[in-house]
Amino acid sequence: MSERLIKMQIPVILTAIIGLLMIIEFFFPMPAPVTSLNVTLRSFVTIISAAALILGTIVLTIYHSKKIGTRKSEWYYSIVYVLAFVVTAGLGVLDVRNTTFLWIYNNMTSPIGAALYSLTAFYITSAAYRVLRARNWNSAVLLVCALIVLLMLIPIGAILFPPVLPIGTWIRNIPSGAGFRGMIIGTSLGIMGLGVRVFMGRQKEHLGIREERRELE
Amino acid sequence: MTLIVEGRLVGLLTLVVIAGSIIYYMQRAYSGKIPKLRRLQAVDVIDEILGRCVEMGRPAYYLMDTVTMDNPSVLAPTVAAFQILAHTARRAAHLGSRFFVPVTQGLAYTIASEVVDEAYKAENKQDELKLDETVMYLPDGADRMYIINHMWSDEMAGAFFLGSWYHKAVIFTENAARVGAMMLGGTDTTHNIPFLVAICDYSLIGEELYALGAYVSEDPTVSSSLAGQDIGKFIAAILIVLGSILITLGMSIKGLFSM
Amino acid sequence: MDSFLLGLIAGSFVSIGAYSVLIGDNPLSKFTENLYMGILGGFIFATNWNYVRTSAINPVLQGNYVFIVAILLCVMLFSRLKAEWLWLSRYPVAVTVGAGLGLAIRTSVMADFLGQINATILPLTSIDNLVMIIGTVTAAAYFIFTAQTEGPYKYVNQTGRIFLLAAFGVTYGQTVSFRFELVIGRLVDMLRPEVAIYTYVMLLLVALGLGYGYYTKKIKWYSGR
Amino acid sequence: MSLMDKMLALDQRIIFALMFIALAFPILNPIILPMDIQQYSRDSFEFADSIPAGSVVLIEGGLTAATYPQGGPGLEVQIVHMLRKDVKLVFFSIGTETAAWTVTAINNALEKLPSGVAAENGVNWVHMGYVPGGESGVAAFANDIRSVKTEDHFGTPIDQIPLMSEINKASDFVAVFWWGGSEGSIPFGIRQIVTPFGVPMTGMCTTNEVPNYTPYINSGQMIGIIGGVRGSAEYEYLMGMPGLALGQAMATNFGGLLWAFLVVLGNVLYFIARREEAAK
């Protein structure tokens, strides 16, 4: 079989077959063997997704190890990464319910993750003061809604500015609800569009195949 | 043994109609008739920003944030970000403005380098391009401080925030605004659209990012897909308006949906 | 000093390390970030390895040989590490992307597309219903790209944009409160009566350390921007 | 530089310090203000309260370290709420981190349980642990639990768990409580459980995601929602068990006011500067 067939065409066809199998199974009553094939395929998807996450951590560890090897700028921080990775992964692989492994995770990773994730609270505030301007009616609508809703959410807001509560709830339920409803309809059509493009083999970037020269030229 | 699972007939018909219209436009596009997309204001904004950079002799930054190729939910914005990069790089080469594209993922870095290289070659401005200074690989975590510092030291005059943006949107847009750059921002991650819309001079909302990518690259696949999806939006509008009028008159078609 | 209190104190120290990035990148913040990435990487590696072992390797050892195919696909995924073998990884990606898109499409057409249309078919008897109908239709129509903006579509487009901006304004306000809640959640643990003293001492030490670093120019001071 | 420019060029770190103080101050000396209950929280609570004794509910635990302080108190109180009503609970998570924090929620809830309430692991509740694959994982789990889970989070084989003996699909549950935190995973529950199996669903998400899900609530696909720390505080209040969430909800007061003040101040300065330029 030609190289192009194995390396490119079969993966594309395989994507379409599996995708259509899932869709057909949902709309049409299926004989038992087809349903059990789909059940098996879905359990494969969870296993491969777990392996993909493992691969992600390995790629990052390789990057940091190379950085230590070549002594690139600030390579000593990579030693911290590699040591932390090896100790945690080692303990975890031996026994995923090891108390030290869970203690390290609960008391070292969690607080840092929470702190890093909350950093944007500070950046939002400095941005609010220094760049968030009602330059045109676009940003004016956005800013007024943001202020009303924020004051509605904080308990003191409804006490200082009572009308904020009914107006804020109405804005969130009706205009904002309609806006998001429009976007959900659009996103749903977007997923269908992406599905058709991928199953028809017209979109292959996810398989690492950059779009070949367009047939038109 | 009913032919179709109970309650899912209308869902199947809808899917067939929408997928059918997308395939129809796709076949037409590949036989030469690419659907004509609405010219988005952002196309002129790209030239306006790059023109300003040439006047002031300062670089423009093109930032894409998360660009991973194998995650389907991030595939559409990633492809759009690269299509717009190709167009913007070509316009930058044509107008002769300096251009900087930091990327935080390895695979995306190789693709971005290819795209920019091809763009300068297409404008035969190959000699002006110093690729390793234009497209740079910055590992995740180390990119924030590097980009912010260079925004200030380069006194950048223009910035593009296009692609799948997450919590870094606020940090970069604030600094870019403080430096005084003219900015075009667009993402489809609903949590971060507000920041780009509020802070950037011009902004793209959700699917407009894909439409801009398709428009500037005349890509038959995405253009025809958008044309087919528009059919779905027409159907939605008609069903809602018609259904609401009928229900006001006492005739409800809501039962149809659960056939 | 039981391990729970020790844990809270360690948590407070590393949080201060993470927050020090607000002053500008410094050795403490970089150390904390890399420590975080390392431990989290190890945690993700171990927990996902446990899943693959219990869901794929054990069944094969117990005689369920279908899962050999799953293990094979996982191994093929690792071919991404070498450019020449990249094509091997296209098979596992094809399975996940194919199934992923199929599963999303098959119910999205009913839950998202038809579900939202059905919910917007409302009697024109109240202002709320009218606003909801006009808003949903124009917001969805805002993303129509094959209609030219010269004709009547221009007004539909602008109306839709107002509703979308209201949606983003609401999201902006809610996100601001959400971000504050994240900080509060961290501060509650750091300022617990039995932990607060350690937090204050650590803050002092970090301030002195960084101050010394900046004074002697060992750490780069980022000018106020 | 005019006074205006100087005020606008205020160093970021001063604003950061002000924010730290505004958020830390109410934690050190809390002030509790009256707070009315939002309709979404009331709907979610009443739906949970209507679950008949002896039925089995599926709970997705999606809280991470960052979102546990907001959602944790509410989830803990809901677990107590359900176990006291003799409702059986099956937990699962679509993230490794979230699976670990679900264990914390269960342990804290068990401590809060009044004595005499049956809460045996494997009989009254079971934690099925981590299911990878995002939306596809949820679909796999919903259609055939045993195809993706051979043992629970603590390693007990699924066939030795009495609670799981008659359960293998999403339709075996009376309801789903989707504590999605900031995963953005609520649409997964709606698309892979509510729509295909018709199982009613409520749940929790962080404050920033509430607007995204109002369409699902208005359409009835979701019954109310617990929004962020305020939702947890309201659930605690409705259960008559005020706790950690109430104090944190109050702590957002000064931070929110500071943010609002800075936005207004920034815009006022901006408009004054713009009018001055126009005058020149």
Side-chain angles (χ1 to χ4, degrees), chain A residues 23 25-30 52 56 59-60 63-64 67 73-74 77 116-117 119-120 122-124 126-128 130-136 138-139 142-143 145-146 180 182-183 185-200 202-203 205-208 210-211 214-216, chain B residues 1-5 8-9 11-12 15 18-19 22-23 26 30 32 34 69-72 75-76 78-79 82 106-107 111 114 139-140 142 167-168 170-171 173-174 177-178 188 190 194-195 197-199 201 203 205-207 210 218-222 224-226 228-233 236:
Chain A
I23 294 173
E25 180 209 17
F26 182 74
F27 288 109
F28 303 97
M30 280 286 140
V59 166
L60 195 55
Y63 163 76
H64 278 285
K67 204 169 160 188
S73 72
E74 293 183 348
Y77 291 120
L116 288 175
Y117 193 27
L119 282 176
T120 42
F122 300 98
Y123 294 119
I124 288 185
S126 70
R130 306 199 310 177
V131 288
L132 190 59
R133 299 292 179 256
R135 268 191 304 280
N136 44 46
N138 265 337
S139 37
L142 192 134
L143 212 57
C145 291
F180 272 108
M183 273 193 281
I185 290 173
T187 312
S188 171
L189 290 165
I191 296 173
M192 292 183 231
L194 182 65
V196 169
R197 298 200 300 271
V198 168
F199 295 159
M200 297 270 293
R202 292 291 180 197
Q203 184 135 29
E205 283 80 357
H206 61 286
L207 295 174
R210 273 213 52 237
E211 173 226 294
R214 282 192 292 284
E215 281 76 2
L216 287 171
Chain B
M1 244 277 271
T2 59
L3 195 58
I4 293 175
V5 175
R8 297 181 183 170
L9 170 64
L12 178 63
L15 184 57
I18 293 167
I22 295 168
I23 294 169
M26 209 170 275
Y30 273 86
I34 296 180
M69 280 305 193
D70 43 23
N71 174 351
L75 187 63
T78 305
V79 166
F82 280 119
L107 178 60
I111 295 172
E114 274 170 40
D140 215 8
H167 58 276
K168 288 189 192 127
V170 178
I171 303 165
T173 45
E174 192 209 346
R178 293 277 304 142
D188 59 344
T190 45
F195 300 114
V197 169
I199 299 173
D201 304 288
S203 55
I205 298 175
E207 288 182 75
Y210 315 152
E218 289 120 22
D219 173 351
T221 307
V222 181
S224 49
S225 182
L226 289 173
Q229 288 163 220
D230 281 358
I231 302 289
K233 287 159 198 160

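All values below were derived from every heavy atom in this structure, side-chain atoms included, with hydrogens, water molecules and symmetry-related copies excluded. In what follows, chains are A, B, ... by sequence order, proteins preceding strands, each numbered from 1.
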Okay, A/Tyr63 and chain B: the region with an atom under 4.5 Å from a heavy atom over there is side chain
If one checks every heavy atom of A/Leu60 against chain B at 4.5 Å, the contacting part turns out to be neither
Between B/Lys233 and A/Gly186 the two heavy atoms that sit nearest each other are CE-CA, 4.2 Å
Between A/Ala127 and B/Val170, the two heavy atoms sitting closest are CB-CG1, 4.2 Å
Comparing A/Val59, A/Leu119, A/Ile124, A/Ile185 against chain B, the one with the most heavy-atom pairs below 4.5 Å turns out to be A/Ile124
Among A/Gly195, A/Gly193, A/Ser139, the residue with the most heavy-atom pairs under 4.5 Å to chain B is A/Gly193
- [ ] Apply the test side-chain contact (heavy atoms from CB on, under 4.5 Å) to residues B/Leu12 and A/Phe26: give CA-CA distance (whole Å), side-chain angles for both, the deciding distance (0.1 Å), then the verdict.
- [x] CA-CA 9 Å; B/Leu12 178 63; A/Phe26 182 74; over 6 Å; no
Sorted by chain and residue number, the side-chain hydrogen bond (donor to acceptor under 3.5 Å, both in side chains) partners of A/Ser188 (sequence neighbours excluded) come out as C/Ser108
Measure [X] against the heavy atoms of chain A and call it side chain, backbone, both or neither at under 4.5 Å.
X: B/Thr190; answer: side chain
X: B/Gln229; answer: both
X: B/Ala236; answer: side chain

Can you measure from [atom1] ([X]) to [atom2] ([Y]) and round to the nearest 0.5 angstrom?
X: B/Asp188; Y: A/Thr187; atom1: CG; atom2: OG1; result: 8.5 Å
X: A/Gln203; Y: B/Asp219; atom1: CD; atom2: CG; result: 7.5 Å
X: A/Leu194; Y: B/Tyr210; atom1: CG; atom2: OH; result: 8.5 Å

Across all chains, not counting sequence neighbours, the side chain to side chain contact (heavy atoms under 4.5 Å, CB included) partners of B/Ser203 are B/Val197, C/Arg161
Checking the side chain of A/Arg135 only, and the main-chain atoms of B/Ile199 only, is there a donor and an acceptor separated by less than 3.5 Å?
yes
Using a 4.5 Å cut-off on heavy atoms from C-beta on, say whether the side chain of A/Val196 contacts that of B/Ile23. yes
Run the numbers on B/Ile4 and A/Phe28 for side-chain contact (heavy atoms from CB on, under 4.5 Å), then give the verdict.
CA-CA 5 Å; B/Ile4 293 175; A/Phe28 303 97; 3.8 Å; yes
Requested in this report: Mind running side-chain contact (heavy atoms from CB on, under 4.5 Å) on B/Ile18 and A/Leu189 for me, showing each step along the way?
Outcome: CA-CA 8 Å; B/Ile18 293 167; A/Leu189 290 165; 3.5 Å; yes
